[in-house]
Amino acid sequence: MKSIMRYFAAIGKPATSKGEIDIVGRRKLWYSISAAILSLGIVALAVFGLNLGIDFSGGVVINVETDISGQELGELVEGAGVDDAQIIEAGDGGWQIRFAEGPGVEEALSGEEGVTVQSLEQVGPSVSRDLTTNALWSLLAVSLAITIYVAFVFRRVEHPGRFGAMAIVALLHDALFVLSMFAVLGYFWGVEVDAFIVTAVLTVIGFSVHDTIVVFDRIRENLLRKSGDFTAVINGSINEVMGRSLNTSITTVLVLLALFLLGGSSTANFMLALLLGMLSGTYSSIFIASPLLVSWNNFQKRRAKS
Amino acid sequence: MTMRQKTRWQLVLLGLFALFVGVLAYPREDQILSLIGIEADMGVRRGLDLRGGVELIYEADVPQDRESEQVLDEVVSVIKQRVNPGGASEAVVRPAQNDRIVVQLPDEDDPQAVIDLIGQTARLEFFEVNPDATEPDGQLVPTDISGEDVQRAEAAFDQFNRPIVNLNFRSGESTQKFADLSTRIFNSGTQILAVLDDQPIFGPAPVQQPILSGESQLSGSQDIAEAQETATLLNAGALPVDIDIASRQTIGPSLGVTALQASIVAGIVGLLSLVVFLVAVYRLGGLVGVVMIGLYAATMIAVFKLSATPLFSDFTIVLTLAGIAGFIMSIAVAADANILVLERLREERRAGLSPAKAVEEGYRHAWSSIRDASIATLIITVILYLLARQFGELAIQGFALVLGLGVLTNVFSVSFITKTLLRGAARTRWGEKL
């Protein structure tokens, strides 16, 4: 833990005699880092797009285990009347067959000697359309509920709405980060976005808010207790909770990392999304959400003066 | 009562609680329970992706002039009757958003057979039952009347306000056949039995008088709900509307077992690293955290097992792969809560408070963060759960349910287990190390 603290001490300059790290003072640096990563992410999303799985696009995915060759599998599938199937090797005699539509394929495969159909997933176009709408509604509903809740929780400090708004900024920051990473992963490594990833993004939102609330909670306590410069109170609060924010993230990352590396292929992408979101969430709560409160405060003060 | 005495009682209570959840969570809990005379074989209900099975999502073609909810309910009871006639299996059939019906059949490996079964017309048969017959063949005599002969069945009340099912037979031959049958049964004093897809749905019961009009009443329903169900099933000679498959999924049993094993191994490795980290950073406090996390996990497993017993059959938690992910993540949340308390405790200790005082103050200050963050996570899980439920996304629903339940259990664990253990630890001779 100490080495991490030293690391942060090295990149920040002490702001006070107490040896605090000046996070807020360097806020423009943090904003720039986030802005750079997120704008690259938006470009990736716009250019590559997301590699949508059949949950979104509809179609059929069949996983088989077999000792026959991929070419023979292809002939079998073609024999069942599907000529645009993708046949991907999954290792250990496992193959994945993907196509848009073809009712006879499964029977043709399971009827063949030495081929075992392990799983089949078929998603019709109407179901896939719904998932997209559902995902967008969930994001909207969650964002709205959290803003209202955070504003309510912080009602005793000045401008509670700002706390709610900044929780949302952090939340969108993290959701956007995860999605843009998946655009990159999808483009270069063929990683797909499915219903699981939607769940992951919504969970990331939960983590993000969790982290942000831990920092804001300390800010609230100090704002109500101490008098003094707003900037100094915020920076002090961040310093006070940074250790535990890092520790809580480390424990979560340890668990997620184990699940990602050892938990099997069916949940690996889900865990990856959570990991990425977790890292982003810790960063955004310390380096984005709280410094933005200062920026907003200063902006208001300047406007009041002029 | 002094604080010391209070803490002692809480520790005793905690010990009893730990014993309770420990026994329930133990994989061979039936052996321990049988020692105190309870025969129970409990297990966690596993979802399709962990045990293999078939999931089908149908889309019903609801006509404009009928209420969607009612039509879906009819379709659901027809499908239920066909895939799970005795109600004994763990099959799930339920309506979802946009006129859909979700059908889940654990352990089933032939989707085509299920699709055929659901698509077929239900078979309604009438039998003549003669309880006095000596030969087995004579007791149950098949008749030539079938579901094809019934035009419509309706639940109603008779003049004595008893629930009944009104049967309308098709005019002509069907009415004649039923008239002949009822006359014969009435005269011979035998009984009538209606069987739907090999399941008795009415009778055996005597016939009060010969029925010549083609309108019959089946009495003997317990209440109007049962009469309604019987009527629905009788009308279910065919599905009330056309249904199409919107999506389907088959998971082989071996795939599920592999996934389960991988998750368990990963969970254990993740937990161990968590334990090492907590003890390395927080020492005695970390140890308290580890005990709390262990008890938390045991509590959750006990809840899963209890929810799978017949007593809580309406609230059974079905653990899917996503649910296990949610469970393991909720353990990370539990670790978070402990860290928040322990960090605050350290702060109070640095400010010069005694261990016992620092525990109270540290807990009191950490509580607001834990409460606010937990409520925020709960809000999200509730939204996720409700939306996933509406859209029939069972994996997401399972994830949200387990995570939400985990957050609630966690609030309890941190405010009872962590607090009591820390109070206890502060009063031992190692207390200074907190």
Side-chain angles (χ1 to χ4, degrees), chain A residues 1 63 106-107 116-124 126-127 130-131 134 137-138 141-142 145-146 149-150 153 195-196 198-199 202-203 205-207 209-211 213-214 217-218 220-221 240-241 243-244 247-248 250-252 254-264 266-267 270-271 274, chain B residues 49 57 59 97-98 100 111-112 244-252 254-255 258-259 262-263 265-267 269-271 273-274 277-278 281 321-322 325 328-329 331-333 335-336 339-340 343 347 365 368-369 372-373 375-377 379-381 383-384 387-388 391 393 395-396 399-400 403:
Chain A
M1 232 35 267
N63 284 303
E106 193 201 354
E107 236 168 306
T116 321
V117 176
Q118 285 198 310
S119 72
L120 176 144
E121 200 180 347
Q122 176 191 351
V123 178
S126 62
V127 174
D130 278 2
L131 182 64
N134 184 14
W137 271 115
S138 308
V142 165
I146 291 303
Y149 177 68
V150 173
V153 166
F196 260 123
V198 175
T199 322
L202 291 164
T203 314
I205 289 174
F207 272 140
V209 174
H210 185 283
D211 278 1
I213 285 182
V214 170
D217 190 66
R218 181 56 68 103
R220 170 179 60 182
E221 189 185 328
E240 283 167 22
V241 293
R244 78 202 56 179
N247 282 359
T248 55
I250 288 169
T251 51
T252 314
L254 282 176
V255 174
L256 290 178
L257 206 59
L259 284 171
F260 171 61
L261 295 174
L262 307 168
S266 37
T267 48
F270 179 62
M271 293 302 160
L274 289 180
Chain B
D49 50 355
I57 297 179
E59 216 157 44
Q97 183 81 353
N98 292 354
R100 299 217 175 99
Q112 202 51 53
D244 291 317
I245 292 184
S247 98
R248 64 173 172 152
Q249 199 173 0
T250 315
I251 300 142
S254 63
L255 207 65
T258 318
S263 305
V265 169
V269 171
L271 270 179
S273 47
L274 194 70
F277 178 84
L278 280 178
V281 175
L321 210 52
I328 295 173
M329 246 173 53
I331 290 178
V333 174
D336 279 9
I339 289 174
L340 291 179
E343 282 280 347
E347 250 177 81
H365 284 291
S368 63
S369 298
D372 295 348
I375 293 176
T377 313
I379 290 176
I380 291 169
T381 53
I383 292 176
L384 260 184
L387 282 170
F391 286 85
E393 292 281 350
I396 298 179
F399 174 83
L403 187 59

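In what follows, chains are A, B, ... by sequence order, proteins preceding strands, each numbered from 1. This structure is a prediction, so every number in the text was calculated from the model and none was measured.
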Greatest number of heavy atom pairs closer than 4.5 Å to chain A - which of [options]:
options	answer
B/I251, B/I245, B/I375, B/L278	B/I375
B/G270, B/A335, B/A332, B/A266	B/A266
B/V265, B/L384, B/V333	B/L384
B/I383, B/D372, B/V269	B/D372
B/L403, B/I379, B/T258, B/L271	B/I379
B/D244, B/D336, B/I380, B/L274	B/D336

Problem - Engaged part of B/S263 at the chain A interface, taking heavy atoms whose separation is under 4.5 Å - result: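 When you check distances to chain A, atoms from both the backbone and side chain of B/S263 fall under 4.5 Å.
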Problem - Under 4.5 Å from any heavy atom of chain A - which part of B/I331 - result: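 Contact with chain A: none, neither part.
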Handout entry: Check: B/T381 and B/F399 side chains under 4.5 Å, non-hydrogen atoms
Key =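 Side-chain contact under 4.5 Å: no.
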Against chain B, label [X] side chain, backbone, both or neither, depending on which of its atoms sit under 4.5 Å from a heavy atom there.
X	value
A/L262	both
A/L261	neither
A/L259	both
A/F260	neither

I need the [X] [atom1] to [Y] [atom2] distance, nearest 0.5 Å.
X	Y	atom1	atom2	value
B/E347	A/E240	CD	CD	6.0 Å
A/T252	A/L257	OG1	CG	12.0 Å
B/S273	A/I250	OG	CD1	11.5 Å
A/I205	B/T377	CD1	OG1	12.0 Å

Exercise for the section: Would you check if the side chain of A/R220 reaches a backbone N or O of A/V153 as a donor-acceptor pair within less than 3.5 Å? Expected result: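 Checked: pair present.
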Handout entry: Exercise: identify the closest heavy-atom pair between A/T251 and A/T248
Key =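 Minimum heavy-atom contact is OG1-O, 2.7 Å.
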Problem - salt_bridge(A/R218, B/E343) N-O dist < 4.0 Å - result: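 A salt bridge is absent here (no side-chain N lies under 4.0 Å from a carboxylate O).
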